[in-house]
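Here the structure is a predicted model, which means the values were calculated and not measured.
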Amino acid sequence: MQAYLKAIGFEKYNTRKKIKELLDYVIKNHDRTDYYPISDKESVYTYEKDFGEGIGLSVVQIEDETGYSEIDHYFPYVRGINYLYHEKPEFEKVSDKEAYACICDENNLGIPLIFHVNNLVEYLKRKNGIFQEEFNSMTLSGISTEGTIILPIEKDEYQIKKEQRGNEIRNQMIDAAKAGDVDAMEQLTLEDMDTYTLVSNRSKKEDIFTIVNSYFMPYTVECDKYSILGNIIHVQEIQNKMTGEELYYISLECNSIQIEFTIAKSDIVGEPEIGRRFKGYIWLQGEVDCL
């Protein structure tokens, strides 16, 4: 987790001693705190401290019935601003700490979407029946430690509308295929074969990034890390209030999904601007909610 501190402005906190001092500061000067009893003898406490617009650090601590407490883990967080709706997301506990991952199918990506759940205590309260509503929405965000800005693919209005309509039709076919429609399965298979042939032929004469507009792929063996390419729809320069380090807060549209993430200025190659594309790697996180 230390590698991601730089993306929220804590590049110089690179030793265990400095990180311990930072975590103690968050616990003592937190902006928000909450807790939930995870057993008869132990409770989980979360402490959040904002260090800039949309960024901050969360410390998760376990306390027993005698008052003894110990830091379980910590993570930097980024606030997203766009809701993504899913009726039945699934959750899986991380084996070595009090943390959860959310898993949901996403037709636009073609793969299960897996991300770290930032609002841990709220999730536990809903899971165990304190709140009756089920989760049906999420706000995605991320943290990046490496990225490159590349130029966009020029498209006219007709091409954009055609692409959007094609995505809608494909999502409908994917839903039908999941429901057991054999014709939809065959049609999707044929489309994938045609796409593979088209890309293979064009890639002999063209750069791959003039053919592929965006992608969203798993990266490394960790399930919530992704390699992404998407269109920049918003850029904001923000500053860590404690260290003064400058960051980019970027809204990215990738395969019709919007994700907000931060990256240190020194970790990005090129100048991010609306309309350009970002290619890089992110640790995907988010908050789950019910609307």
Side-chain angles (χ1 to χ4, degrees), residues 1-14 18-34 45-61 71 73-84 99-102 115-123 138-147 149 224-226 228 230 232-254 257-268 271-274 278 280-289:
M1 202 55 61
Q2 177 182 333
Y4 298 107
L5 290 177
K6 183 179 179 182
I8 64 166
F10 289 110
E11 180 179 6
K12 296 180 180 179
Y13 286 79
N14 50 14
K18 289 184 176 180
I19 292 174
K20 179 64 166 58
E21 292 173 352
L22 179 60
L23 301 186
D24 289 342
Y25 175 82
V26 171
I27 293 173
K28 293 177 182 178
N29 302 277
H30 59 269
D31 294 320
R32 292 171 299 279
T33 184
D34 205 350
Y45 285 78
T46 59
Y47 301 91
E48 292 183 349
K49 177 67 177 177
D50 296 332
F51 289 100
E53 188 173 351
I55 62 170
L57 191 62
S58 179
V59 180
V60 180
Q61 187 170 264
I71 293 176
H73 69 283
Y74 70 93
F75 61 91
Y77 60 80
V78 176
R79 303 285 187 195
I81 58 176
N82 187 62
Y83 284 105
L84 180 67
Y100 286 81
C102 179
F115 63 89
H116 176 270
V117 176
N118 285 355
N119 53 336
L120 168 66
V121 171
E122 183 179 354
Y123 162 72
M138 56 204 66
T139 305
L140 297 179
S141 57
I143 290 177
S144 177
T145 58
E146 180 182 348
I149 302 301
D224 53 4
K225 310 296 191 303
Y226 293 92
I228 61 170
I232 297 174
I233 58 178
H234 175 74
V235 182
Q236 181 179 352
E237 295 184 22
I238 61 176
Q239 191 178 63
N240 185 306
K241 294 184 295 185
M242 183 174 177
T243 65
E245 294 181 27
E246 296 183 338
L247 321 164
Y248 285 118
Y249 179 92
I250 299 175
S251 293
L252 197 72
E253 184 180 36
C254 183
I257 293 177
Q258 182 175 326
I259 302 170
E260 279 71 40
F261 67 93
T262 59
I263 184 171
K265 283 190 173 183
S266 59
D267 286 335
I268 193 168
E271 188 72 22
E273 291 185 3
I274 295 174
F278 174 88
Y281 308 99
I282 65 166
W283 171 43
L284 191 63
Q285 54 182 225
E287 295 186 355
V288 290
D289 201 352

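- From Thr139, atom OG1 reaches atom CG of Asn82 across 7.5 Å, with rounding to the nearest 0.5 Å.
- With rounding to the nearest 0.5 Å, the separation of CD in Glu122 from CG in Leu120 is 10.5 Å.
- Remark: Gln258 pairs with Glu260 by the side-chain hydrogen bond (donor to acceptor under 3.5 Å, both in side chains) rule, at least two apart or across chains.
- Nearest heavy atom pair, residue Pro76 against residue Ile8, reads CB-CD1, 3.4 Å.
- A donor atom on one side chain and an acceptor atom on the other are not found under 3.5 Å apart for Asn240 and Glu245.
- In this structure Glu271 satisfies the salt bridge (Lys or Arg N to Asp or Glu O under 4.0 Å) test with no other residue, sequence neighbours excluded.
- In this structure, His116 and His73 have perpendicular ring planes: the angle between them is above 60°, well past the 30° mark.
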- Query: Can you check side chain to side chain contact (heavy atoms under 4.5 Å, CB included) on Val60 and Phe75, steps first, answer last?
  - Reply: CA-CA 9 Å; Val60 180; Phe75 61 91; 4.2 Å; yes
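- With values rounded to the nearest 0.5 angstrom, Leu140 atom CG is found 5.5 Å from Leu84 atom CG.
- Side-chain contact between Glu287 and Tyr77 is absent, with no heavy-atom pair separated by less than 4.5 Å.
- Of the possible donor and acceptor atoms, none in the side chain of Lys6 sits under 3.5 Å from a partner among the backbone N and O of Thr145.
- Heavy atoms only, all atoms of each residue included: Ser58 and Glu48 are closest at OG-CG, 3.9 Å.
- Nearest heavy-atom pair across Glu253 and Ile233 is CB-CG2, 4.1 Å.
- Distance CD1/Ile282 to CD1/Ile259: 4.5 Å, rounded to 0.5 Å.
- Side-chain contact between Gln285 and Val78: present, with at least one pair of heavy atoms (C-beta onward) separated by less than 4.5 Å.
- Taking the six-membered ring where the residue is Trp, Trp283 and Tyr4 present tilted rings, their angle falling between 30° and 60°.
- Counting heavy atoms from C-beta outward, Leu57 and Leu23 have side chains that approach closer than 4.5 Å.
- No donor-acceptor pair under 3.5 Å is formed between the side chain of Asp34 and the backbone N or O of Thr46.
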- Item | side chain to side chain contact (heavy atoms under 4.5 Å, CB included) between Val26 and Tyr74, intermediate numbers included | CA-CA 10 Å; Val26 171; Tyr74 70 93; over 6 Å; no
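- At distances below 3.5 Å, at least one donor-acceptor pair connects side-chain atoms of Thr262 with backbone N or O atoms of Ala7.
- Under the 30°/60° scheme for interplanar angles, the aromatic rings of Tyr47 and Tyr45 are found to lie parallel.
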- Task: Take Arg32 and Asp50 through the side chain to side chain contact (heavy atoms under 4.5 Å, CB included) test and state the conclusion after the steps.
- Result: CA-CA 9 Å; Arg32 292 171 299 279; Asp50 296 332; 2.8 Å; yes
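- The distance from the SG atom of Cys102 to the CG atom of Leu284 is 10.0 Å, given to the nearest 0.5 Å.
- With hydrogens and angles disregarded, a donor-acceptor distance shorter than 3.5 Å links the side chain of Gln239 to the backbone of Gly244.
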- Task: Evaluate the side chain to side chain contact (heavy atoms under 4.5 Å, CB included) criterion for residues Phe115 and Val288: first the C-alpha distance (whole Å), next the side-chain angles of each, then the deciding distance (0.1 Å), finally the verdict.
- Result: CA-CA 10 Å; Phe115 63 89; Val288 290; 3.9 Å; yes
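- Closest heavy-atom contact between Gly80 and Ser141: N-CB, 3.9 Å.
- By the 4.5 Å heavy-atom criterion applied to side chains, Ile19 and Leu5 are counted as neighbours.
- For the atom pair CD1 (Ile55) and NZ (Lys241), the distance works out to 9.0 Å, reported to the nearest 0.5 Å.
- Within the 3.5 Å criterion, the main-chain N or O of Gly9 finds a donor-acceptor partner in the side chain of Thr243.
- For the residue pair Asn119/Tyr100, the side-chain donor-acceptor check at 3.5 Å is not satisfied.
- For Ile263, the side-chain contact (heavy atoms from CB on, under 4.5 Å) partners are Ser144, Tyr248, Ile250, Phe261, Asp267, Ile268, Phe278, not counting sequence neighbours.
- By the 4.5 Å heavy-atom criterion applied to side chains, Ile27 and Ile71 are counted as neighbours.
- Contact detail for Leu247 and Ala264: the closest heavy-atom pair is CD2-CA, 4.0 Å.
- One finds a salt bridge joining Glu237 and Lys265 here, because a Lys/Arg side-chain nitrogen approaches an Asp/Glu carboxylate oxygen to under 4.0 Å.
- Contact annotation: the side chain of Met242 approaches that of Phe10 to within less than 4.5 Å [non-hydrogen atoms, C-beta and beyond].
- A salt bridge does not link Glu53 with Arg79: none of the charged nitrogens is closer than 4.0 Å to a carboxylate oxygen.
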